[in-house]
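Quick notes on the structure that follows.
Here is the naming used below: chain letters follow the sequence lines, and residue numbers restart at 1 for every chain. Here the structure is a predicted model, which means the values were calculated and not measured.
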Number of protein chains: 2
Amino acid sequence: MSKEAVSGLALCNNAMLRRATRKIGQHYDDVLAPSGLKATQQGLLYQIHVGNEPAMGAIATSLIMDLSALGHTLKPLIRDGYVETFADAADRRVKRVRLTPRGLAKLDEVMKLWQVAQQRFEDVVGKEKAARLRAVLDEIAAVDFNETPAG
Amino acid sequence: MSKEAVSGLALCNNAMLRRATRKIGQHYDDVLAPSGLKATQQGLLYQIHVGNEPAMGAIATSLIMDLSALGHTLKPLIRDGYVETFADAADRRVKRVRLTPRGLAKLDEVMKLWQVAQQRFEDVVGKEKAARLRAVLDEIAAVDFNETPAG
DNA sequence: TCCTGGAAGTGGCATATGCCACTAAATCAA
DNA sequence: TTGATTTAGTGGCATATGCCACTTCCAGGA
């Protein structure tokens, strides 16, 4: 692989983001492995926990995730008894999600491992730099790419 | 979804990275859609193009991607005739990859769209900020999370 | 009240990624 | 040369994500 190959790759925001996501995902997944959960699942359980019995649409919006994708991702967690859903009382179209007692226990377990992964990440990358990175990522996540750029 | 929910999410480097990746991926995918290729495929074609008939392992290493994942991702591209593989002359274990003429033409086509997506991204986010982001992501991609942090 | 349009999810299909077990091929050691 | 070890890929299985078509419901307007 030539030098040009790497530099060319390095110009694409999307490619670099994906590449870094794979890398970091591996790190978090490695550390969380003993729990039997992936980092994506830990994140989702956490999101459900802190949300107040959130509706699926609300979760999807928060995570900037396709609603159907969320449904798919939720299935293994429901199958394994960590999560359960129930219809909203006021609007029967809305399906709300919550952790089961078992899911809550699992979340406690996996969050301990998450702290290890998170700590190691910040030790290696630097707490400041990590915070700045998250801030930029959050900012980007809020952007509307369809809007005409200031003008 | 409460405010706490969002702030909690915002602390996890991995979650924020994934979330931003989904968002940006949607942007690039949207713009590339007329070509019939996803942004991941465009990136892979490009990587194959600039590499000198790269071996699968070399591509996987560059992209920090699992070798088998690369193999899977390559399949649709091979099926559609954009890419072909051939055994390395010196080491028969090694499988090299190159674009077909059709693949090269498709790459030309999709790169035009990529430039549009890339440009719009940089217009909205800012050229400087985008460059800094890519630099940080590249740095992180190079980290060894197993190594003890300087000490 | 009835009809129409929009909102919330589901299911199917396809790609993106990873892990693990396994095969083939090259290497190294005895 | 032969047997153990390492390297490069493949295939199967499972999760991660998205798009699209379709169903169910709620909200408004005639």
Side-chain angles (χ1 to χ4, degrees), chain A residues 14-15 17-30 32-33 36-45 47 54-61 63-80 82-83 85-97, chain B residues 14-15 17-30 32-33 36-45 47 54-61 63-80 82-83 85-97:
Chain A
N14 185 49
L17 204 41
R18 279 189 169 281
R19 196 171 74 125
T21 297
R22 284 191 291 269
K23 172 80 175 199
I24 295 181
Q26 280 167 25
H27 165 58
Y28 279 78
D29 279 350
D30 276 354
L32 301 197
L37 294 180
K38 308 292 213 59
T40 47
Q41 299 178 313
Q42 168 267 319
L44 186 48
L45 286 188
Q47 195 64 189
M56 291 195 53
I59 300 174
T61 299
L63 301 182
I64 312 184
M65 178 182 286
D66 183 87
L67 180 57
S68 75
L70 174 62
H72 299 320
T73 304
L74 225 36
K75 274 181 184 168
L77 296 172
I78 294 171
R79 178 201 60 199
D80 296 339
Y82 298 137
V83 159
T85 61
F86 60 101
D88 182 274
D91 186 337
R92 274 184 297 169
R93 290 172 304 179
V94 173
K95 186 194 274 189
R96 294 186 173 279
V97 187
Chain B
N14 185 50
L17 205 40
R18 281 190 169 280
R19 196 170 74 125
T21 297
R22 283 191 292 268
K23 172 81 175 198
I24 296 183
Q26 280 167 25
H27 166 58
Y28 279 77
D29 279 350
D30 276 353
L32 301 197
L37 293 180
K38 308 291 212 60
T40 48
Q41 299 179 313
Q42 167 267 320
L44 186 47
L45 286 188
Q47 194 64 187
M56 291 194 54
I59 301 174
T61 300
L63 300 183
I64 313 183
M65 178 181 287
D66 184 87
L67 180 56
S68 76
L70 173 62
H72 299 322
T73 305
L74 227 34
K75 274 181 186 169
L77 296 173
I78 293 172
R79 178 200 61 200
D80 296 339
Y82 298 137
V83 159
T85 61
F86 60 102
D88 182 274
D91 187 337
R92 276 183 296 169
R93 287 172 307 180
V94 173
K95 185 193 275 189
R96 294 186 173 281
V97 188

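Partners of A/Ala39 according to the side-chain contact (heavy atoms from CB on, under 4.5 Å) rule, which considers only residues two or more places apart in sequence or in another chain, are A/Tyr28, A/Asp29, A/Leu32, B/Asn14. Every residue meeting the side-chain contact (heavy atoms from CB on, under 4.5 Å) condition with B/Ala15, not counting sequence neighbours, appears here in chain and number order: B/Leu9, B/Cys12. Applying the side-chain contact (heavy atoms from CB on, under 4.5 Å) rule to B/Thr85 yields the partners B/Ile78, B/Lys95, B/Val97; only residues at least two apart in sequence or on another chain are considered. B/Asp91 pairs by the side-chain contact (heavy atoms from CB on, under 4.5 Å) definition with B/Asp88, B/Arg93, B/Val94, not counting sequence neighbours.
Dashed line: the shortest gap from a side-chain N or O of B/Gln26 to OP1 or OP2 of D/dG18 is under 4.0 Å. Here B/Arg96 does not reach the OP1 or OP2 of D/dA8: none of its side-chain N or O atoms lies under 4.0 Å away. At the phosphate of C/dT15, neither OP1 nor OP2 sits under 4.0 Å from any side-chain N or O atom of B/Thr73.
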Sort me out a list of protein N/O and nucleotides 6-8 of chain C N/O pairs below 3.5 Å, or just none if empty.
unit_1 : atom_1 : unit_2  : atom_2 : d
C/dG6  : N2     : A/Arg93 : NH1    : 2.8
C/dA7  : O4'    : A/Arg93 : NH1    : 3.3
C/dA7  : N3     : A/Arg93 : NH1    : 3.2
C/dA8  : O3'    : A/Arg93 : O      : 3.4

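When distances run from any side-chain atom of A/Asp66 to the nucleotides D/dA16, D/dC19, D/dG11, the shortest one goes to D/dC19. Checked against D/dT17, D/dA16, D/dC26, the side chain of A/Arg92 finds its nearest nucleotide in D/dC26. Side-chain proximity of A/Ser68 to C/dC19, D/dC20, D/dA16: nearest is D/dC20. Of the candidate nucleotides D/dG11, C/dG11, C/dT17, D/dG11 has the atom nearest to the side chain of B/Lys75.
In this structure, B/Leu17 places its CG atom 15 Å from C1' of D/dA16, rounding to the nearest Å. Note: CG (A/Leu74) to P (D/dA16) measures 10 Å, nearest angstrom. Computed from coordinates, the A/Leu70 CG to C/dG11 P distance equals 14 Å when rounded to whole Å. Per the geometry, CG belonging to B/Leu77 stands 13 Å off C1' belonging to C/dA14, to the nearest Å. Summarising the geometry, the separation between CZ on B/Phe86 and C1' on D/dA8 is reported as 15 Å, rounded to the nearest angstrom. Protein atom CD1 of A/Ile24 is 13 Å distant from nucleotide atom P of C/dG18, rounded to whole Å. For the pair B/Met65 CE and D/dA8 C1', the interatomic distance rounds to 17 Å; values are reported in whole Å. Here D/dT17 presents its P atom at 20 Å from NE2 of B/His27, a figure rounded to the nearest Å.
For the atom pair A/Gln47 CD and A/Gln42 CD, the distance stands at 10.5 Å (nearest 0.5 Å). Rounded to the nearest 0.5 Å, atoms CG (A/Leu17) and CZ (A/Arg22) are 10.5 Å apart. Atom CZ of residue B/Arg18 and atom CD1 of residue A/Ile64 lie 14.0 Å apart, to the nearest 0.5 angstrom.
The base of C/dG18 sits within donor-acceptor range of the side chain of B/His72, with an N or O pair under 3.5 Å.
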Side-chain donor-acceptor distances from residues 68-75 of chain A under 3.5 Å, at least two apart:
unit_1  : atom_1 : unit_2  : atom_2 : d
A/Ser68 : OG     : A/Asp66 : OD2    : 2.5
A/Thr73 : OG1    : A/Ala69 : O      : 2.9

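Sequence order on DNA chain D of the closest nucleotides to A/Pro76 and B/Lys38 puts A/Pro76 first from the 5' end. Taking for each of B/Asp80 and A/Asp29 the nucleotide of DNA chain C with the nearest heavy atom, the 5'-most of the two is the partner of B/Asp80.
Nucleic acid contact class of A/Arg79 (heavy atoms, under 4.0 Å, all strands): sugar-phosphate only.
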